[in-house]
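Numbers here simply count residues along the sequence, with the first being 1. Every number for a ligand or one of its atoms is a count from 1 in the order of the listing.
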Amino acid sequence: MKKIFLLLALTMAVRATADTPLYLDPTADLEARVEDALSRMTFNEKVAMCHAQSKFSAPGVARLGIPDLWMSDGPHGVRAEISWDSWKYAGHTNDSVTAFPALTALAATWNPALAEEYGEALAEEALYRGKDVILGPGVNIYRTPLNGRNFEYMGEDPFLAGEMVVPYIKGMQRNGVAACVKHFALNNQEKWRDHIDVRLSDRALREIYLPAFRRAVIDGGAWSVMGAYNKVRGQHACHNEMLINNILKGEWGFDGVVITDWGGAHDTREAALNGLDLEMGTFTNGLTSESAFTTDDYYLADPYKKLLRSGEVAPSTLDDKVRRLLRLNFRTAMRRDKPFGSLCSEKHYDVAERVSNEAIVLLKNDTLASGTTLLPLDPGQGRRILVVGENATRNLMKGGGSSELKPKDIVTPLDGLRDIYSDNIRFTQGYASGRPMYGHSETIAESVTDSLRHIAVDMAREADVVIFVGGLNKNHGQDCEGGDREEYGLPFGQPELIEALAEVNPNLIVTLLSGNAVGMEWADKVPAILQAWYLGSMAGNSIGSVISGSVNPSGKLPFSFPVNLEDNSAHHFGQLSYPGDSITQDYADDILVGYRWHDTKGIPARYPFGYGMSYTTFRLDATPANVTMSGNDKTEIKVKVTNTGKRAGSDTLQLYVAPDPANTSLERPVKELKAFRKVWLEPGATTEVTFAVTPDMFACYDPDSNGFVAFPGQYEILIGTSSTNFPISETISYRQ
Ligand code: BGC
């Protein structure tokens, strides 16, 4: 009897398989499925796939049961639902999400394992919300502290960004949600972002601006990439022959989909020929604003059909795009073994909180006259604490542009501090910034600023400790898409406020929330400073935990904090370097970006790249490496790390390579980050970290040979806990 049932079941299964078209068979080879689906599609169905049907979806093939592709911003959570054919929010009530910390914060953890958890948790929220593609992460390099979108990126160093982006993508794509790595490439400022033409050397392109994208594609296996708005060497990035055809799809072998930034397509022929696969967000009435919503006028819609029909562009261009789109669809929307996902789960809040715990950077913690430090601030002592500053209560998920979120829950810094210090807390706003608005900002009357400051100063006199929570916010002209910051200093009268508070109360802790470095002329007057980014849903818990000491700070800066704006490389070379002359821009700082600039030119940053303090102390001891290396040999450096303080905590060991200038006539930065490892240790405990030193760590891009070359000679290996502090240094002599 059993046998008969088994036979019946098997026959049914075989029959079902036999009837199922190949492209619908999840067990069949991906490429075979793609070819099968392609062979069944009409000309019109193929072209329709290459452009949007709504603000955030592109059509599948209804007749063949191939679903639409649904996209969402990105990159810190799943954005609230947008209307089908306008930028208005759809007004749904089931689209509230977990807000994860901004990508600068993630980068500040220097913890790739957390990046993977972040990607996975975000993908679970995307699945529950029915999204196939998350528009993120962003890995544009932090070139100037004025860029309004730096908070969405992973800092100034291509190696750090590369190490963090790969696990984010893997975590996300594991469950059938595509990452869309953006903005490819050189969208390093918001000012004139839709047309500025970036000119730069091959070396700057290859050594600084492309490596994180390359890692995302080659090691992360990203399924989609978003083109940038700007031009690169005269051609818009979304259909740029060099970037997309030659490098991304040619050299790197990318088999996924190139998606425009929303409204980033400008020419049908270029889009057809230069590797753009999916056009999104184009405006439809002469392409500057919206009239009736139709996508027929998109560059990759009717105008593309015309070019194809007339034979001006080959049908193979269309088939290539559709193959890629089908591949993406099979990897995501049509994947049958996807989990259903979940929204706002305990696990997601836990991931968000662990990222924000590890992201906060302790910049300063002076020893006071009493012989102790202000931080950590023991909750047991019943001190009267005054919290000052709008950012202590402001919803920093609102504004900022496309990455804004509708979080289900947020713990504000004030909530977090109240949880710990309860009745001992008083709060006053201190300054006002106005509402978050896109494209313009509100002016706050001087009288309002003055009176808020006076109230705060009066209250500060009465307090034992003042915790100032300020920084930037997501208003236009701050950390916000579509424009750059206009000043390096803190806005809204905060410098005056901080100085006035410091004058009446020396026990002042400044907590800055921002995605950018800011001027800190007041830093010497303040004993304790924390950099706390945009930390998402659990911000207040983490800020409270770090201030009270239940979490030992372990974040490290993913970018330098210059003393003055002119100390930054992009600004040093004047207007043509940043922001450009409105038409072109010349990256005169070349390969010397961030700490590469500060250290090579001897212009110290106020807080350097890789820097961050702890409530404990660490000692590093190394076993010397081989002193010679040749060919493809590798050598190992073993470092013993000991927690020499009284609290458990983490530190990040950073390995930099400093080439001897005699090795090549090419200019080299004095040192570059090539490896790092974060370790967690109980007080008194020791662990050993092994760094493998490989010849590719010595290489630079050699324009003569169009590739990376490790020139023979001496290389110093510097190991420490920031980009300016190296207890360990070994010299290696390299022969090719
Ligand atoms: C942004 C992208 C974003 C897209 C969709 C654009 O303005 O530059 O990063 O993904 O809008 O919202």
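By the 30° and 60° cut-offs, the orientation of the rings of F151 relative to Y534 is perpendicular.
The pair K191-E486 does not count as a salt bridge, with every side-chain nitrogen at least 4.0 angstrom from each carboxylate oxygen.
The salt bridge (charged side-chain N to carboxylate O under 4.0 Å, His left out) search around E481 returns R149, R193, not counting sequence neighbours.
Every protein residue with a heavy atom nearer than 4.0 Å to ligand 1 is included here: F56, D73, R79, W87, L135, R149, K182, H183, R193, M226, Y229, D261, W262, S402, E481.
Exactly one residue among Y578, F573, Y209 makes a ring-ring contact (aromatic ring centres under 6.0 Å, His included) with Y587. That residue is Y209. For the side chain to side chain donor-acceptor pair (under 3.5 Å) test with S433, the passing option among Q478, R394, E442 is R394; the others fail.
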Salt bridge (charged side-chain N to carboxylate O under 4.0 Å, His left out) evaluation trace for E125 with K408: CA-CA 12 Å; E125 302 236 333; K408 184 154 179 281; over 6 Å; no

